[in-house]
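See structure below.
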Amino acid sequence: MARPTPLSGFPEWLPEGRVVEQAVLDTLRRVFELHGFAGIETRAVEPLDQLLRKGETSKEVYVLRRLQAEEEGSDAGLGLHFDLTVPFARYVLEHAGKLHFPFRRYQIQKVWRGERPQDGRFREFYQADIDVVGDGELAFHHEVEVAVVVAEGFAALRELGVPPARLLVNDRVLVEALYRGLGLDDVEAVLRCIDKLAKIGPEATAELLRTEAGASQEQAAACLELAGIAADDGAALLARVREVASARGVAEEVWGAGAERLARLVDEVNARVPGVASADLAIARGLDYYTGSVFETVLEGHEDLGSICSGGRYDALASAGSHTYPGVGLSFGVSRIVSRLLGAGLVGATRAVPSAVLVAVTDEESRAASEAVAATLRTRGVPCEVAPSAAKFGKQIRHADRRGIPFVWFCGAGEDGTDQVKDIRSGEQVTADAAEWLPPAEDLWPRAVRT
RNA sequence: GUGGCUAUAGCUCAGCCUGGUAGAGCGCCUGGUUGUGGUCCAGGAGGUCGCGGGUUCAAACCCCGUUAGCCACCCCA
């Protein structure tokens, strides 16, 4: 069979890369559970009408079709989920009677999007989501809570060698009030323009605001000034907004409540994880179901990668009749993070295989003795494997070296027939008993480490 | 969906402009070292030059098409 060509956008790591990915997934899961979030998994598919409810994402949904489908139109119209928030909203509605609110859950799964892949952009990738959903109402402190969990997640990831992250926060209510206060009614259009500010610069953005959002010269300038507001604490934020808004003739009763919320959010998050969050009125977010706080996260030194953890508050995503379940959540782009860690050589694995020990085989007649040693080591929690062939010891050592296995076990190599174990990094070889010997804790399992 | 660039050994790439039937480094295998690796030395294996067609005595090289990858736009994790 000819060598298959790689499929762009569907990443596959080598075993060493998977060690790093698994470490990231494990770390996030541990942080989520430390905060008491319950784990769930939803099915990979949702009815198309559910997925397409929010319109704009339609072109990126993968449709599920049975190859031998009898006839068109007879299937239920299923698509692969493109995020975990929409399926979660459906899950909440479906299981509302059995859940306790506020319901706090995490969910780590693959999602699929049919866009053109690029550096850090995939068609199949892992998201690690946390959300809190309330029944009818959701207290503000949950917005702080999810941001804190995310901040702690990034803090934990730093131990693996992940660069520090900055949490950028904005508030839909605030910016909507401000832009309407300027006399601009198509807030969606304004946000789409503002979203490009960092990429195309102020002049081009002003031009866009005039052509796309129907802004006058003055309105465009005012938008840019507002979008330029960024602050590391609530007081500074309020002062800056007051300054710009009053100069542009937007009354405080219009924007006061939104600004107050954003200021509180930044201050309360920073009080619990110092220096991690800042307000940034240029954060727009494309998804239209957000109704309050919106979050984006960038890795320091890797701003080109874009946001690697985003989310916000949504008040109307899950509703049944007059009953609504407002929520707030954030989603880590695990694959995006991992691809950068591996691609830039920031983090690597201590070895590509789980085995801490390769048990050498002296000759095929004595393979059983080597298997017995391996079995004993395993009962004591030491991952190990037996050499594939009774090749020369030099080759068996090289076999271990290639895979990063730190120890090679020689049966009956001692003068009195005792076993010996060699640390192939130092070359040190000592007498050992499989019933008692243990490798150093840092060698027991593969780990992700800064490289 | 639109645009630009790229495709040659397992990997990274040279060769293409000015056509003459395939190269380097790394990796891999063997031996020196006759059952304890890594260094060093010597030797060796490995390529439908993405695919299809055209021009030509002759195509990795020129032309057309096609597929895939990368990047940018769009959008987003």
Side-chain angles (χ1 to χ4, degrees), chain A residues 2-11 14 24 28 54-61 81-85 107-129 150 165 191-193 195-196 199-200 204 208 212 283-288 290 294-299 302 304-312 329-340 343 358 360-364 366 387 389-413 420-429:
Chain A
R3 204 134 71 104
T5 57
L7 250 185
S8 174
F10 294 85
L14 293 172
V24 170
L28 293 177
K54 296 300 169 185
E56 296 223 77
T57 47
S58 62
K59 63 183 175 185
E60 56 184 48
V61 173
H81 57 222
F82 56 85
D83 72 5
L84 300 178
T85 309
Q107 191 172 345
I108 300 175
Q109 287 180 244
K110 291 273 186 73
V111 304
W112 295 268
R113 293 184 193 177
E115 10 175 281
R116 281 286 180 85
Q118 252 168 68
D119 183 22
R121 307 185 50 184
F122 302 104
R123 299 201 274 208
E124 177 181 67
F125 58 99
Y126 272 112
Q127 286 196 331
D129 243 69
V150 160
L191 288 177
R192 269 200 305 279
C193 300
D195 193 40
K196 297 187 177 54
K199 196 170 281 179
I200 66 178
L208 264 186
E212 302 292 317
I283 299 300
R285 308 256 59 228
L287 295 168
D288 57 2
Y290 293 121
V294 288
F295 305 93
E296 289 197 359
T297 311
V298 290
L299 281 186
H302 299 272
D304 62 297
L305 194 57
S307 178
I308 37 89
C309 181
S310 307
L330 280 141
S331 185
F332 283 82
V334 174
S335 300
R336 175 171 287 184
I337 296 170
V338 169
S339 76
R340 175 55 59 98
L358 176 78
V361 175
T362 307
D363 48 51
E364 287 302 332
S366 67
S389 75
K392 290 195 285 191
F393 283 156
K395 289 204 175 178
Q396 297 194 41
I397 291 170
R398 192 164 56 163
H399 177 92
D401 192 35
R402 294 275 160 75
R403 290 159 178 75
I405 299 172
F407 295 96
V408 176
W409 193 280
F410 296 102
C411 300
Q420 293 192 327
V421 65
K422 179 191 185 85
D423 182 333
I424 65 174
R425 296 160 301 188
S426 64
E428 187 189 6
Q429 186 164 332

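Just so it is clear, the values below take in all heavy atoms, side chains as well, and ignore hydrogens, waters and symmetry mates. The structure displayed is predicted, hence computed values, not measured ones. Proteins come first, then strands; the chains are lettered A, B, ... in the order of their sequence lines, and each starts at number 1.
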State whether [X] places a side-chain N or O below 4.0 Å from either non-bridging phosphate oxygen (OP1 or OP2) of [N].
X: R402(A); N: C29(B); answer: yes
X: R398(A); N: U30(B); answer: yes
X: S8(A); N: C70(B); answer: yes

Find the partner of [N]: check Watson-Crick (N1-N3 plus N6-O4 or O6-N4) and G-U wobble (N1-O2, O6-N3) distances, both under 3.5 Å, and reply none if neither fits.
N: C62(B); answer: G54(B)
N: U48(B); answer: none
N: G25(B); answer: C11(B)
N: C16(B); answer: none
N: G69(B); answer: C5(B)
N: U39(B); answer: none

Check if the side chain of [X] and the base of [N] share a donor-acceptor pair of N or O atoms closer than 3.5 Å.
X: R121(A); N: C75(B); answer: yes
X: D401(A); N: G38(B); answer: no
X: Q396(A); N: U36(B); answer: no
X: R336(A); N: C76(B); answer: yes

| query | Can a salt bridge be assigned to the pair R340(A) and D119(A) using a cut-off of 4.0 Å between side-chain N and carboxylate O? | reply |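 Answer for the salt bridge query: yes.
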
| NZ/NE/NH1/NH2 to OD/OE distance under 4.0 Å, E115(A) and R123(A) |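 Answer for the salt bridge query: no.
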
For [X], answer base if it contacts any base atom (sugar-phosphate contacts may also be present), sugar-phosphate if it contacts only those atoms, and nothing otherwise; contact means non-hydrogen atoms under 4.0 Å.
X: K395(A); value: sugar-phosphate
X: G306(A); value: nothing
X: K196(A); value: sugar-phosphate
X: F122(A); value: base
X: I424(A); value: base
X: T297(A); value: nothing
X: R340(A); value: nothing
X: V338(A); value: nothing
X: F410(A); value: base

| field | Between OG1 on residue T297(A) and CD1 on residue I337(A), distance to nearest 0.5 Å | value |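 One gets 8.5 Å once the value is rounded to the nearest 0.5 Å.
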
[options]: which one has an atom nearest the side-chain heavy atoms of [X]?
X: Q429(A); options: C74(B), G37(B), U36(B); result: U36(B)
X: R116(A); options: G69(B), A77(B), U2(B); result: U2(B)
X: Q118(A); options: A77(B), C74(B), G37(B); result: C74(B)
X: I308(A); options: G31(B), A77(B), C71(B); result: A77(B)
X: E115(A); options: A77(B), U36(B), C29(B); result: A77(B)

Rounded to whole angstroms, how far apart are [atom1] on [X] and [atom2] on [N]?
X: Q420(A); N: U36(B); atom1: CD; atom2: C1'; answer: 11 Å
X: L305(A); N: C71(B); atom1: CG; atom2: P; answer: 11 Å
X: R113(A); N: C74(B); atom1: CZ; atom2: P; answer: 17 Å
X: D119(A); N: G4(B); atom1: CG; atom2: P; answer: 22 Å
X: K110(A); N: A77(B); atom1: NZ; atom2: P; answer: 18 Å
X: K422(A); N: G38(B); atom1: NZ; atom2: P; answer: 11 Å
X: H302(A); N: A77(B); atom1: NE2; atom2: P; answer: 20 Å
X: F125(A); N: C76(B); atom1: CZ; atom2: P; answer: 12 Å

| Any side-chain donor-acceptor pair under 3.5 Å between S331(A) and Q127(A)? |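 Short answer, yes.
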
| query | S331(A) or D363(A): which one's nearest nucleotide on RNA chain B is closer to the 5' end? | reply |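 The 5'-side residue here is D363(A).
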
| request: Between G311(A) and I397(A), just flag the one whose closest nucleotide in RNA chain B comes earlier from the 5' side. | output: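 Of the two residues, I397(A) wins.
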
| query | If only atom types and distance count, is the side chain of S310(A) paired as donor or acceptor with the main-chain N or O of S307(A) below 3.5 Å? | reply |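 Here the side-chain-to-backbone pair does not exist.
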
| Under 3.5 Å donor-acceptor, Q420(A) side chain and C411(A) backbone |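 Looks like no, no N/O pair under 3.5 Å.
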
Separation of the [atom1] atoms in [N] and [M], to the nearest angstrom:
N: A68(B); M: U8(B); atom1: C1'; result: 16 Å
N: A60(B); M: C49(B); atom1: C1'; result: 5 Å
N: G52(B); M: C29(B); atom1: C1'; result: 37 Å
N: A42(B); M: U33(B); atom1: P; result: 16 Å
N: A59(B); M: C75(B); atom1: C1'; result: 43 Å
N: C61(B); M: A22(B); atom1: C1'; result: 12 Å
N: C26(B); M: U39(B); atom1: P; result: 11 Å
N: U12(B); M: U2(B); atom1: C1'; result: 32 Å

| Taking all atoms of both residues into account, what is the closest heavy-atom pair of D83(A) and T85(A), and its distance? |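 Closest approach of D83(A) to T85(A): OD1-N, 3.2 Å.
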
| request: Measure across L358(A) and A400(A) and return the closest heavy-atom pair with its distance rounded to 0.1 Å. | output: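 Nearest pair, atom of L358(A) first, then A400(A): CD2-CB, 3.9 Å.
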
| request: Compute both the distance and the angle, then confirm whether R113(A) meets the cation-pi test with F125(A): under 6.0 Å from the six-membered ring centre, within 45 degrees of the axis. | output: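 So R113(A) doesn't make the cation-pi contact.
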
